[in-house]
Colleague: 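Encoded as C-alpha cells, here's the structure I'll be asking about.
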Amino acid sequence: MKYKEKAIVIKQDQLVEGIYSIWLKTENIAHEAVAGQFVNVYTPSAGHVLPRPISLCEIDAADNAIRLVYRVVGYGTEWMSRLYNGCGVELFGPLGNGFPEHDENKKALVIGGGIGIPPMLQLMRDLRCPKTAVLGYKDELFLMDEFAKAGSFYVSTEDGSAGIKGNVLDVIKANELEADVIYACGPTPMLKALAEYAEAENIECYVSLEERMACGIGACLACVCKSREKDEHTNVNNKRVCVEGPVFNAREVAFK
Amino acid sequence: MKYKEKAIVIKQDQLVEGIYSIWLKTENIAHEAVAGQFVNVYTPSAGHVLPRPISLCEIDAADNAIRLVYRVVGYGTEWMSRLYNGCGVELFGPLGNGFPEHDENKKALVIGGGIGIPPMLQLMRDLRCPKTAVLGYKDELFLMDEFAKAGSFYVSTEDGSAGIKGNVLDVIKANELEADVIYACGPTPMLKALAEYAEAENIECYVSLEERMACGIGACLACVCKSREKDEHTNVNNKRVCVEGPVFNAREVAFK
Amino acid sequence: MNLAVEIAGVTLKNPITVASGTFGSGAEYCEFVDLNKLGAVTTKGVANVPWEGNETPRVAEVRGGMLNAIGLQNPGIDLFKKRDIPFLGNYDTKIIVNVCGHSIEDYLEVVEKLSDEPVDLLEINISCPNVKEGALSFGVDPATVEKITKLIKEKADQPVIMKLTPNVTDITEIARAAESGGADGLSLINTLTGMKIDINTRKFALANKTGGLSGCAVHPIAVRMVYQVANTVKLPIIGMGGVTCAEDAIELMLAGASAVAVGTANFSNPYATVEIIDGIREYLEKHHIEDVKELIGAVK
Amino acid sequence: MNLAVEIAGVTLKNPITVASGTFGSGAEYCEFVDLNKLGAVTTKGVANVPWEGNETPRVAEVRGGMLNAIGLQNPGIDLFKKRDIPFLGNYDTKIIVNVCGHSIEDYLEVVEKLSDEPVDLLEINISCPNVKEGALSFGVDPATVEKITKLIKEKADQPVIMKLTPNVTDITEIARAAESGGADGLSLINTLTGMKIDINTRKFALANKTGGLSGCAVHPIAVRMVYQVANTVKLPIIGMGGVTCAEDAIELMLAGASAVAVGTANFSNPYATVEIIDGIREYLEKHHIEDVKELIGAVK
Ligand SMILES: Cc1cc2nc3c(=O)[nH]c(=O)nc-3n(C[C@H](O)[C@H](O)[C@H](O)COP(=O)(O)OP(=O)(O)OC[C@H]3O[C@@H](n4cnc5c(N)ncnc54)[C@H](O)[C@@H]3O)c2cc1C
Ligand SMILES: Cc1cc2nc3c(=O)[nH]c(=O)nc-3n(C[C@H](O)[C@H](O)[C@H](O)COP(=O)(O)OP(=O)(O)OC[C@H]3O[C@@H](n4cnc5c(N)ncnc54)[C@H](O)[C@@H]3O)c2cc1C
Ligand SMILES: Cc1cc2nc3c(=O)[nH]c(=O)nc-3n(C[C@H](O)[C@H](O)[C@H](O)COP(=O)(O)O)c2cc1C
Ligand SMILES: Cc1cc2nc3c(=O)[nH]c(=O)nc-3n(C[C@H](O)[C@H](O)[C@H](O)COP(=O)(O)O)c2cc1C
Ligand code: FES
Ligand code: FES
C-alpha cells in the first residue's frame, strides 16, 4: 500500500556542507517500507507542481519513522533544509520496488557514490549475508558512524582526503574485493561502469537508478530507462524507474 | 519620496471577524506619509505577481510606524493576517496623493463606509477644523475607541444593530448634518451618492477611490477612473487613481 | 442535487475526468483514488502500434507548471484492448480512450479496433506530429482537422471528441472545422509548446528540447479558449488546462465546458480529482444550485 | 567585462530594457531606478492620437502572472514628443519608442512624426486590433506583417523592431514575414490572450473579458519562441516574457536574444531591472565569461 500522509519532522541535522538529514514520524509509510524505496515529498508552494522523490536512508518501523538524507540543489531541498521539529511534510509512499530479497549465502558488495550513499544504509543493515560497503565520496565524509555499525566498509574520495583516491571501482580493484552480488546507487556513469564490471566478472548486480519524475507511481511515463528486453507493462524497451525500479538487475538495463 | 523597505510587524489584532489591524515599524514611510495615502504590500509568493494596495489607517511619525486595517478577502490579506510580531513585510510607499490641505474654518464631515472607514481615522485626527465623522457599518463595529478620541461621530448599520439603520446618507439626513466640506471613502455607490448630494447641496467633496492596480505609481495605466475633464498627464478623460488619486475632488470624477 | 452531465449522449455521473496522459489507464491511481467516483477515466493516448516515446529527461518543472515531452509512449492498441479496457470495465465510470497517430491511417486503425469495445467516448489527440506532412501537428490546419474528423467519424462506433491544440492563431476556426467534420464534442486544451534551458549546464531541460506546458500557468488560456469555442460551435466541450481546485473546474464550466479534466494537478496531489468533485458539490450547496448543468456556459 | 550588446546597429550598454507598457516612459520609476543604468528604456505604446483605453477593471492577477487589458491608453504622439522624449533625453540610456495603431496609416503617422526625434529604435506593436480588418491583430497574418513592415521601413528614420504576438500557430512564419518586409530586429513575445471569471460574482475579472497574460507563467513559451525565431531569421531579437530574475534573462539570451526586456516583474519588484543587471554581471563573473555577447544563441 502507498500512503499520502502528513509526516512530522522529529530531527533535522546538517551532515556536511549542503547535505542534510531529516527524521520524519510517519503514520504508515515506515511500516510498509523496505530498503531501496523512496517517497515523494510535496512542497507547500502551489507554483512548484511536481513532488520531490527522495530515497529512504533509514526505516525505523518500531518508531514509525523514516530518515531521508539529501543534498540541497534547488527550491524543494532548500525548503526541506529549513524545516524544524514539529513541522508537517506531505509525503507519498513508499514508492518503487526496493532491493530484492537476498540470499544469505551470497557475499554482497554494497556500493554507494555521492548522494547515492544514503539509500544503501538501510540495505547494509538489513543484509543477513557476508557484506562489505564501498562508499565513494567527493571530499567530505558523512554517515560514517552509521555504516561502521552496519558492517565493514571501504572509502574512496575524489581528492584523496580519505580512503583511496579515486572512485568505488578503484577501491574494488585495489582491495581485490570479491562478491557474488553487488548492490549499487550513485551517478549513472558509476552504475554503468559497475554494471560492465559485474557482467565481465559474472557477478549478479542491482543498480538503483534516478530519472526525472512527475507522478512517481507509473502513470505518466516520464521516468523511463531503456531496457534490454521489451518490458511487460510498457510493451516497448522502456521500464518505469518509479515502478519497475528504482532498483533494477543491471542486466535488464540498456545503459546509454 | 517613495521607499521600498522591509517593515517589521509590531502588533497585529483581529478587530472583528475578518478584519485585522496591523502596526508596522517602517524606516522612512511613516515620516513621509499623510492621511489618505496608501502602501503597496508585497506578498512572499512568487506566483502572486501583484502588490496589494492598503490605505494608511494611522501614521505614527514619532515612532516611525504605520497602521493598516484590512479585510481578509483573498490570498494576500489572508497571508497578512497570519503575520506576527517580528515578521518582515516588504512595503512600497507612501503612494497616492492623500487628502488635500484643509481650511480650519470650514466645517468638515468625515465619512467612511465599511472597509473605507479605516482610511478616515488619520484624517479625522489631523483636521484642525469643526469636524464630525459618519461611519457606516454593515453589522459589527470596529475602530470605535479611536474615532471617539478623534472627535464626535455618528454610526449607521445596515442591520440596525447600532446607530441608525441604513447608510451614511441616512445619518446625514436624519441628523441634518451640515458641512462645508465632505471627505469620504467607501464603496463606489456610496461615494457616487455622496458626490451627487454634495453637488446638489453645493458642498466641497473629496472622495477616495479604489481600483485594481498593478504598478501603484502611475506607469501602467491599470487603475484609471473616468474624469470629467481631460487629464493633463493622460491627455484623455482618465485619471490614475494611484497618482492623481486615490483622493479626488468629487467634481473631477465622472462616476459611471 | 444533480452532478451528472452529458457529453455527446453519454452521461457522466459528475463533470470530472482526468486529462489524458496524466493518469495512465487508472490502474496506478486506483489504489488510492476510487475510480467509481470519477465521471470518466480518460486514458493515455494509444496508437495502432507500440511507441517508444522520447529520450529522457521527459519532464521539467517550470514556475506554475511543467513541461513534458513523453513522446506519446504507449503499448499499442492490442495490448491496450487486452489489458486496460477490461481493467476499467471493473469500475462504474465512463471510459474515454485517447487516440494518437502519426498518420490518418494510424488513427483509423485504432478507431476501428475499438469499435466493438465497451468504450464510451473516443478522444482524438490531433496534437501528434504528422510525420507525413513535415511533423507539424494535425491540429493546426483547419482543412486537415475537418478531413481527419470526417474520416474518423466514418469508422467510429463511439462518439468522437476532437482534442484541440492551443498552439494556433484562432482556436474557433479549428473548432468550426471539427464541427464541420462531424465531431460530437471537443476537448481543449492540450499543452502549449515551451522550452527550458539550464543556464549553468547550458543544456535543454528536456531531451526533446521543446515540451508541452501544462499546469496552473496555462489556466487563463484554457478559460479563454473554452469560452471562445463554446460561443462559436454547438458541440459539448471537455475543458482542461491547469485545473488544480474546484474553483478552476467551475470557472471552465461557467466559460462553457460540460465536463472538466484534471491533469498536472494529479502530480501535485494524487487526490486532486476527488477533492475537486467534493469542492464542486460544496459550491453548488453554498450557492443553492440544484443542477451542475446550470453552470455550463452561464457567464457570457 | 563587456555587458554591451548591439541591436540593429544601436549599442545598449547592457542587455536589459523594460517591456513596453510596464514602465510608462520611465518618469514614474526614475525616483528609485537610476535610468542611466538601463540598456534602454522602452516606452508605453504611443498612437497618432490619444486613446482612452478600455473600461476598468483592466488588470487581474492569475497564478504566476497577470492579465491586462489596458487597451493601449496613450496621450498621443504630440504630447509624447513634447514631454516624454525630452524627459528621456536627460538620461544616458537608449530610447526605444513603442508604436501602436488601429490602421496602417496610424502607424505611419507616428513613425513619421518621430523621424526627427532623438529616438534610437522604433518598436512596432503589431498586436493591436486592426479595426479596419475585423479587429484581429495585425500580427497574426504573415502577408499583413510583411506589408506593414515594408511601409514602415519606407518612412522610418530609425531602425525598426517588429514586436510579435505569440498568439499564432507558427511564430517563425511571422518572423520570416517581418524579415522579408525589411525589419531590423524583432521583439518577442507580447502577451498571450487569456481570461478569468470570478465564480462567485459570475463576472469576468476584466471589463474587456479577455486580456493579455504576462509574467513568469509565460516564460517557457517565450524561451521556445525566441529559440525558434533565432534559428530561423538573422535579425537581432529583444526577448521578453516572464523575465523575473537574472536567470530568466540569461536563459532568453542563450536561446538567442540579444537584449531582454523586463515587464510584469517591475510590478512585483520595482527594482527588478537593476537587480537583473547585477545578476547578469555575477553570472558572467562566476562563469568567467568576458563578454555578455557570448551568451547570445549559445545553446543550440
Ligand atoms: C528515485 C529517486 C531517489 C532519490 N533519492 C535522493 C536522495 O536520497 N537524496 C537526494 O539528495 N536526492 C535524491 N534524489 C534526487 C532528488 O529527487 C532531487 O535532488 C530533488 O528532487 C531536487 O529538488 P529541488 O527542488 O531541490 O531542485 P530543483 O532543481 O528546483 O527541482 C526541479 C525539478 O527537478 C527535479 N529534479 C531535480 N534534480 C533531480 C534529480 N537528480 N533526480 C530527479 N529529479 C530531479 C525535482 O524533483 C523537481 O521536479 C532522488 C531522485 C530519484 C528519482
Ligand atoms: C488605494 C487602495 C487602498 C486600499 N485600502 C484598503 C484598506 O485600507 N483596507 C482593505 O482591507 N483593503 C483596502 N484596499 C483593497 C485591497 O487592496 C484588497 O482587498 C487586497 O488587495 C486584496 O488582496 P488579496 O490578495 O487578499 O485578494 P485577492 O482577491 O487574492 O487579490 C487578487 C488581486 O486583486 C487585487 N484586489 C482584490 N480586491 C481588490 C480591491 N478591492 N481593490 C483593489 N485591488 C483588489 C489584489 O490586489 C490582487 O492583485 C485598497 C485598495 C486600493 C486600490
Ligand atoms: C505528462 C503528460 C502527458 C500527457 N499525455 C497526453 C496524451 O497522451 N494525449 C493527450 O491528448 N494529451 C496528453 N497530455 C495533455 C493533457 O491531457 C492536458 O491536455 C494538458 O496537460 C493540460 O491540462 P493540465 O494543465 O491539467 O495538465 C499530457 C500531459 C502531461 C502533463
Ligand atoms: C500592463 C501591461 C501593459 C502593456 N502594454 C504594452 C504596450 O503598450 N505595447 C506593447 O507592445 N506591449 C505591451 N505590453 C506587453 C509587454 O511589453 C510584454 O511584451 C509582455 O508583458 C511580456 O513580458 P512580461 O511577462 O515580462 O510582462 C504590456 C504588458 C502589460 C503587463
Ligand atoms: S514518474 Fe510517472 S511513470 Fe514514473
Ligand atoms: S496602478 Fe499602474 S497606473 Fe495606477
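All chains are named by letter (A, B, ...) in the order of the sequence lines, taking the proteins before the strands, and each is independently numbered beginning at 1.
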Colleague: Based on non-hydrogen pairs under 4.5 Å, which of C:Met66, C:Glu31, C:Arg63 is most in contact with chain A?
Modeller: C:Glu31
Colleague: Given that the side chain runs from C-beta out, which part of A:Lys256 has a heavy atom under 4.5 Å from chain C: side chain, backbone, both or neither?
Modeller: side chain
Colleague: Which residue in the set A:Val41, A:Val241, A:Asn40 passes side chain to side chain contact (heavy atoms under 4.5 Å, CB included) when paired with A:Pro53?
Modeller: A:Asn40
Colleague: Taking the basic N atoms (NZ, or NE/NH1/NH2) and the acidic carboxylate oxygens, is any pair closer than 4.0 Å for A:Lys239 and A:Asp231?
Modeller: yes
Colleague: Given a strict heavy-atom distance threshold of 4.5 Å, which part of C:Phe23 is in contact with chain A: side chain, backbone, both, or neither?
Modeller: backbone
Colleague: When you compare the side chain of A:Asn167 with that of A:Tyr137, does any pair of heavy atoms fall below 4.5 Å?
Modeller: no
Colleague: Taking A:Lys4, A:Arg212, A:Lys226, A:Met213 one by one, which has the highest count of heavy-atom pairs under 4.5 Å against chain C?
Modeller: A:Lys4
Colleague: Can you tell which part of A:Met1 gets under 4.5 Å to a heavy atom of chain C, answering side chain, backbone, both or neither?
Modeller: both
Colleague: At a 4.5 Å cut-off on heavy atoms, which part of C:Thr56 comes close to chain A: side chain, backbone, both, or neither?
Modeller: both
Colleague: As an exercise: rank C:Arg58, C:Lys44, C:Arg83, C:Glu61 by heavy-atom pairs under 4.5 Å with chain A and give me the winner.
Modeller: C:Glu61
Colleague: As an exercise: rank C:Thr244, C:Asn54, C:Val59 by heavy-atom pairs under 4.5 Å with chain A and give me the winner.
Modeller: C:Val59
Colleague: Shorter than 4.5 Å, heavy atoms on both sides: which option in C:Ala27, C:Gly65, C:Cys216 has the most such pairs with chain A?
Modeller: C:Gly65
Colleague: Please report the interatomic distance CH2(A:Trp23) to SG(A:Cys57), rounded to the nearest 0.5 Å.
Modeller: 7.5 Å
Colleague: Below 4.5 Å, heavy atoms only, C-beta onward: do A:Leu68 and A:Met80 meet side chain to side chain?
Modeller: yes
Colleague: Are C:His102 and C:Trp51 close enough that their ring centres sit under 6.0 Å apart?
Modeller: yes
